[in-house]
S.K.: 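Handing you a structure now.
All values derive from a computational prediction rather than experimental measurement.
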Amino acid sequence: MYFLKRILVLSIKILCALPAFYLIRTYLPYFSAHSYQVASFIDMSQSAADTQLYHCFNIPSGNYKDNYDLQAIRMTLIHNIIIRGINSIISYAPEVNEAQVKPFITYCLEGLTRFVHHHHQHEEKLYFVMLEEKMGEGSMGSNIQGHKAFIVPFHQFEDLCKSILARQVPYDAVKIIESVQAFAPVLIEHLAEEIESLKTDVMHKHFTDADLAVVEKKMDQLVQGDTSLVWDAPFYFINGDSVNGAWFPPMPAPVVFVAMNVLYRLHSDAWRYGCADRNMRIKSRFSHLEPKA
């Protein structure tokens, strides 16, 4: 109901503003005296590009409707969204021209970096706190340290993107890829370790059904209240998994319909850079990096 109220109000506002928005987005570049500069184009063969991309994690066995199994399954789906976000930036970066700089960098900032920040804030603010109440103080310490391990180069990537968007530096695909590769291996190693700490046997050891029900309720409230249907929802879907996680994210069907058929169009030029289409169907250029079905 919370999502439905938000989506109804926001959809009415967006529908009223869409005509003006499209006119501005279409014609404003023609009157702008300051276009984006591209410092270099790089020619990357498919095989060379593949060596820089990352495989998604296989989904843990179990039933996502069982809260004990859900913890690791859901975390894997979320972490694979991050991996796809990284892969898509690396893969598309060499193809970006002057006209595509703004939407591509918007995808980097409002897609990947926003998603990672929010995900880790939710964990540290509430999820890990509730887990430690049952698993013992410090039990999530290694996961929190994992957040800190990659944050410096991650912020450097974020700052680079902001500088490009502000036209302080020209767009350079080589620098974008190098900046992503500076944090990606450490981040992905952390993502793998975090999943292991949430496996079903670990959950059974420390939690009752009632305990996990409380965790789920509180986390749902936090995430729903902090989710942007304009920015977050599209990123979920264009880097989602229709094969192993068609149920995720768990949004009501009317919300999904409006988010991906109305709100999506506000920034569709940015969302074209995802690993999947808006129905979570993986693009062929990324299919070999997907988890086993």
Side-chain angles (χ1 to χ4, degrees), residues 3 46-47 49-92 107 111-112 114-116 118-119 122 180 184 187-200 203 216 219-220 223-224 227 229 231-261 263-265 267-268 270-293:
F3 259 136
Q46 186 62 38
S47 59
D50 283 348
T51 63
Q52 303 182 69
L53 301 181
Y54 300 89
H55 282 268
C56 291
F57 301 129
N58 288 328
I59 311 300
S61 60
N63 180 3
Y64 74 88
K65 295 181 180 180
D66 180 323
N67 282 340
Y68 291 100
D69 294 338
L70 173 63
Q71 307 308 311
I73 292 173
R74 179 178 54 205
M75 192 64 74
T76 304
L77 293 172
I78 292 172
H79 288 180
N80 281 346
I81 289 173
I82 294 173
I83 293 173
R84 293 188 189 100
I86 290 171
N87 285 339
S88 60
I89 291 172
I90 294 171
S91 181
Y92 281 115
Y107 173 78
L112 179 66
R114 177 189 174 93
F115 185 89
V116 172
H118 278 196
H119 174 55
H122 295 160
V180 172
L187 170 56
I188 292 172
E189 180 180 1
H190 154 68
L191 298 180
E193 292 173 349
E194 195 169 87
I195 294 168
E196 289 299 316
S197 68
L198 302 173
K199 287 295 184 68
T200 301
M203 294 296 105
E216 289 301 303
M219 283 302 298
D220 282 348
V223 173
Q224 288 184 19
T227 295
L229 297 173
W231 295 112
D232 299 320
F235 190 77
Y236 277 121
F237 285 93
I238 61 169
N239 287 298
D241 185 346
S242 64
V243 175
N244 301 288
W247 57 273
F248 188 83
M251 296 179 178
V255 175
V256 173
F257 178 83
V258 176
M260 299 312 295
N261 289 279
L263 306 181
Y264 173 93
R265 299 181 186 279
H267 303 286
S268 58
W271 304 135
R272 66 187 290 267
Y273 295 108
C275 278
D277 63 19
R278 60 184 176 179
N279 295 310
M280 299 196 297
R281 294 176 299 212
I282 299 298
K283 299 172 184 175
S284 59
R285 69 195 289 172
F286 301 108
S287 61
H288 60 294
L289 301 168
E290 285 300 292
K292 297 178 181 178

S.K.: How long is the gap from SG on Cys56 to NZ on Lys292, to the nearest 0.5 Å?
M.R.: 14.0 Å

S.K.: Checking Lys283 against Asp277 for the salt bridge (charged side-chain N to carboxylate O under 4.0 Å, His left out) test, could you report, in this order, the C-alpha distance in whole Å, the side-chain angles of both residues, the deciding distance, and whether it holds?
M.R.: CA-CA 7 Å; Lys283 299 172 184 175; Asp277 63 19; over 6 Å; no

S.K.: Roughly how far, to the nearest 0.5 Å, is CD1 of Ile81 from CG of Leu191?
M.R.: 11.5 Å

S.K.: Restricting to non-hydrogen atoms, name the atom on Gly85 and the atom on Phe235 that form the minimum distance, rounded to 0.1 Å.
M.R.: CA-CZ, 4.1 Å

S.K.: Within the 4.5 Å heavy-atom criterion, are Val243 and Glu290 side-chain neighbours or not?
M.R.: no

S.K.: Between Tyr92 and Tyr107, does the ring pair (Phe, Tyr, Trp, His ring centres under 6.0 Å) criterion hold? Intermediate values first, please.
M.R.: CA-CA 11 Å; Tyr92 281 115; Tyr107 173 78; 8.0 Å; no

S.K.: Nearest heavy-atom pair of Ser242 and Met280: which atoms, and what distance?
M.R.: OG-O, 3.1 Å

S.K.: Looking only at heavy atoms, what is the nearest atom pair of Pro291 and Asp241, with distance?
M.R.: CG-OD2, 3.9 Å

S.K.: Check whether Asp232 reaches the backbone of Thr227 with its side chain - one donor and one acceptor, N or O, closer than 3.5 Å.
M.R.: no

S.K.: State, with a plain yes or no, whether a side-chain heavy atom of Trp271 is found less than 4.5 Å away from one of Arg278.
M.R.: no

S.K.: Under the criterion side chain to side chain contact (heavy atoms under 4.5 Å, CB included), I'd like the reasoning laid out for Glu189 against Glu193: C-alpha separation, chi angles, the key distance, then a yes or no.
M.R.: CA-CA 6 Å; Glu189 180 180 1; Glu193 292 173 349; 3.6 Å; yes

S.K.: Which heavy atom of Phe57 sits nearest a heavy atom of Asn80, and at what distance?
M.R.: N-OD1, 2.8 Å

S.K.: How close do Pro234 and Leu229 get, counting heavy atoms only, and between which atoms?
M.R.: CD-O, 3.6 Å

S.K.: Measure the CD1-OG1 distance between Ile59 and Thr76 for me, rounded to the nearest 0.5 Å.
M.R.: 5.5 Å

S.K.: Between the main-chain N or O of Asn87 and the side-chain N or O of Ser91, is there a donor-acceptor pair closer than 3.5 Å?
M.R.: no

S.K.: State, yes or no, whether a side-chain contact exists between Glu216 and Arg74 at a heavy-atom distance under 4.5 Å.
M.R.: yes

S.K.: Could you pull out all residues at least two apart from Tyr64 that satisfy side chain to side chain contact (heavy atoms under 4.5 Å, CB included)?
M.R.: Leu70, Ile73, Trp247

S.K.: Report yes if the side chains of Tyr54 and Leu289 come closer than 4.5 Å at any heavy-atom pair, otherwise no.
M.R.: no

S.K.: Ignoring hydrogens and angles, tell me if any N or O in the side chain of His122 forms a donor-acceptor pair with the backbone of His118 under 3.5 Å.
M.R.: yes

S.K.: Over all heavy atoms of both residues, which pair between Met75 and Ile195 is shortest? Give the atoms and the distance, please.
M.R.: CG-CG1, 4.2 Å

S.K.: Supply the atom-to-atom distance Arg84 CZ to Phe115 CZ, rounded to the nearest 0.5 angstrom.
M.R.: 10.5 Å

S.K.: Does the Glu196 side chain pair with the main chain of Ala192, one donor and one acceptor, at a distance under 3.5 Å?
M.R.: no

S.K.: Does the Ser287 side chain pair with the main chain of Ser284, one donor and one acceptor, at a distance under 3.5 Å?
M.R.: yes

S.K.: Got Ile238 and Cys275 here, is their nearest side-chain heavy-atom distance under 4.5 Å?
M.R.: no

S.K.: Would you indicate whether the side-chain heavy atoms of His79 and His119 approach each other to under 4.5 Å?
M.R.: yes

S.K.: May I ask you to decide if Gly274's main-chain N or O and Asn239's side chain share a donor-acceptor pair within less than 3.5 Å?
M.R.: no

S.K.: Taking the side chain from Arg272 and the backbone from Ser268, do they hold a donor-acceptor pair closer than 3.5 Å?
M.R.: no

S.K.: Using side chain to side chain contact (heavy atoms under 4.5 Å, CB included) as the criterion, list what pairs up with Val116, not counting sequence neighbours.
M.R.: Ile82, Leu112, His120, Phe150, Phe154

S.K.: Would Tyr264 and Phe237 count as a ring pair (Phe, Tyr, Trp, His ring centres under 6.0 Å) if you check the C-alpha gap in whole Å, the side-chain angles of each, and the deciding distance to 0.1 Å?
M.R.: CA-CA 10 Å; Tyr264 173 93; Phe237 285 93; 9.5 Å; no

